[in-house]
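Some notes on the structure that comes next.
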Amino acid sequence: MCIGQCCPHTSSGPAYRCTPTDTIAAPISSRIADEDDDPGFEEDIEEAGSGAEGGQGKRKRLFSKELRCMMYGFGDDQNPYTESVDILEDLVIEFITEMTHKAMSIGRQGRVQVEDIVFLIRKDPRKFARVKDLLTMNEELKRARKAFDEANYGS
């Protein structure tokens, strides 16, 4: 059974967060032939770099577990193809890298600040609204933690 809250596995029970063993029940013949016996842990397997990475060699898959859950949540198969997850992860890594490089080139040189990210996404209404919501929620959590700490330790 899954833990957390990510994707529904049963129609009668609550939504759960996938674990690697829950998202992949058995190896599928169309998956990469040289994977380990447990393909659910491919984020721990170093794979050969491809096009966007140039000659960097091998790198770990960092987000494959989360991406599998997101793909399932957005309507993909419960066990998406490893190749699909890998391509999506390459796109995510490329986006994060490009945004980080752009953010480092504006504002204080060599440093990434929240304001730089907000500046870069200001013309994309969906991303801007999401960042605004996340920053607001972060501030609310900070205030709640501070009030909680003061209530427990301040008296």
Side-chain angles (χ1 to χ4, degrees), residues 1-139 141:
M1 180 172 269
C2 292
I3 57 173
Q5 294 181 342
C6 175
C7 50
H9 272 231
T10 62
S11 57
S12 60
Y16 295 103
R17 189 175 198 297
C18 290
T19 60
T21 54
D22 292 325
T23 56
I24 302 174
I28 298 175
S29 61
S30 63
R31 296 188 190 271
I32 298 174
D34 61 350
E35 285 186 15
D36 287 350
D37 291 339
D38 188 2
F41 291 98
E42 71 277 352
E43 63 266 22
D44 295 333
I45 300 170
E46 294 185 1
E47 297 179 4
S50 61
E53 297 168 19
Q56 293 180 359
K58 297 181 178 186
R59 71 171 182 85
K60 279 191 173 183
R61 294 291 176 184
L62 302 172
F63 306 114
S64 58
K65 182 171 120 179
E66 292 81 5
L67 287 172
R68 285 180 187 280
C69 287
M70 287 177 68
M71 289 170 72
Y72 180 60
F74 280 98
D76 200 340
D77 189 68
Q78 185 174 354
N79 303 315
Y81 290 126
T82 302
E83 293 87 354
S84 300
V85 176
D86 291 348
I87 289 171
L88 192 57
E89 182 166 5
D90 289 342
L91 292 171
V92 168
I93 297 290
E94 183 179 337
F95 175 78
I96 292 170
T97 303
E98 286 180 13
M99 290 296 286
T100 304
H101 284 296
K102 288 177 185 176
M104 288 176 67
S105 67
I106 62 174
R108 260 180 94 182
Q109 293 291 325
R111 288 185 66 98
V112 177
Q113 296 181 325
V114 174
E115 295 81 19
D116 300 335
I117 301 294
V118 172
F119 177 79
L120 289 172
I121 56 122
R122 72 192 183 283
K123 293 182 182 177
D124 187 330
R126 294 180 74 190
K127 287 183 184 130
F128 185 77
R130 180 66 175 150
V131 167
K132 189 174 163 185
D133 289 344
L134 290 171
L135 290 172
T136 302
M137 184 61 66
N138 189 41
E139 289 301 316
L141 288 170

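The figures that follow rest on heavy atoms only: side chains count, while hydrogens, waters and symmetry mates do not. Note that the structure is a prediction, hence the values are computed from the model and not measured. Along the sequence shown, the residues carry numbers beginning at 1.
- Residues meeting the side chain to side chain contact (heavy atoms under 4.5 Å, CB included) test with V114, sequence neighbours left out: V118, L135.
- For the residue pair R68 and T82, the shortest heavy atom distance occurs at NH2-OG1, 3.3 Å.
- Within the structure, the salt bridge (charged side-chain N to carboxylate O under 4.0 Å, His left out) test picks out no pair touching residues 106-122 (sequence neighbours left out).
- With contacts defined as side-chain heavy-atom distances shorter than 4.5 Å, the pair L62/V92 does not qualify.
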Derivation of the side-chain contact (heavy atoms from CB on, under 4.5 Å) call for F63 and I93: CA-CA 9 Å; F63 306 114; I93 297 290; 3.4 Å; yes

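- Between the S105 side chain and the K102 main chain, a donor and an acceptor come within less than 3.5 Å of each other.
- Remark: side-chain polar atoms of Q78 are not paired, donor with acceptor, to backbone N or O of Y72 under 3.5 angstrom.
- Considering only residues two or more places apart in sequence or on other chains, E139 meets the side chain to side chain contact (heavy atoms under 4.5 Å, CB included) condition with K142, R143.
- A pairwise comparison of heavy atoms in K123 and P125 identifies O-CD, 3.3 Å as the closest pair.
- For the pair M71 and S84, the tightest heavy-atom approach, listed with the atom from each and the gap, is CE-CB, 3.9 Å.
- Closest of all the heavy-atom pairs between D77 and P80 is O-CD, 3.4 Å.
- In this structure, CG on L67 lies 11.0 Å from CG on D76, to the nearest 0.5 angstrom.
- Among residues two or more places apart in sequence or in another chain, the side chain to side chain contact (heavy atoms under 4.5 Å, CB included) test is passed with V112 by T100, A103, M104, I117.
- The CG atom of L120 sits 12.0 Å away from the CZ atom of F128 when rounded to the nearest 0.5 Å.
- Residue pairs satisfying the side chain to side chain donor-acceptor pair (under 3.5 Å) criterion with at least one member in residues 124-134, sequence neighbours excluded, are listed as follows: D124-K127.
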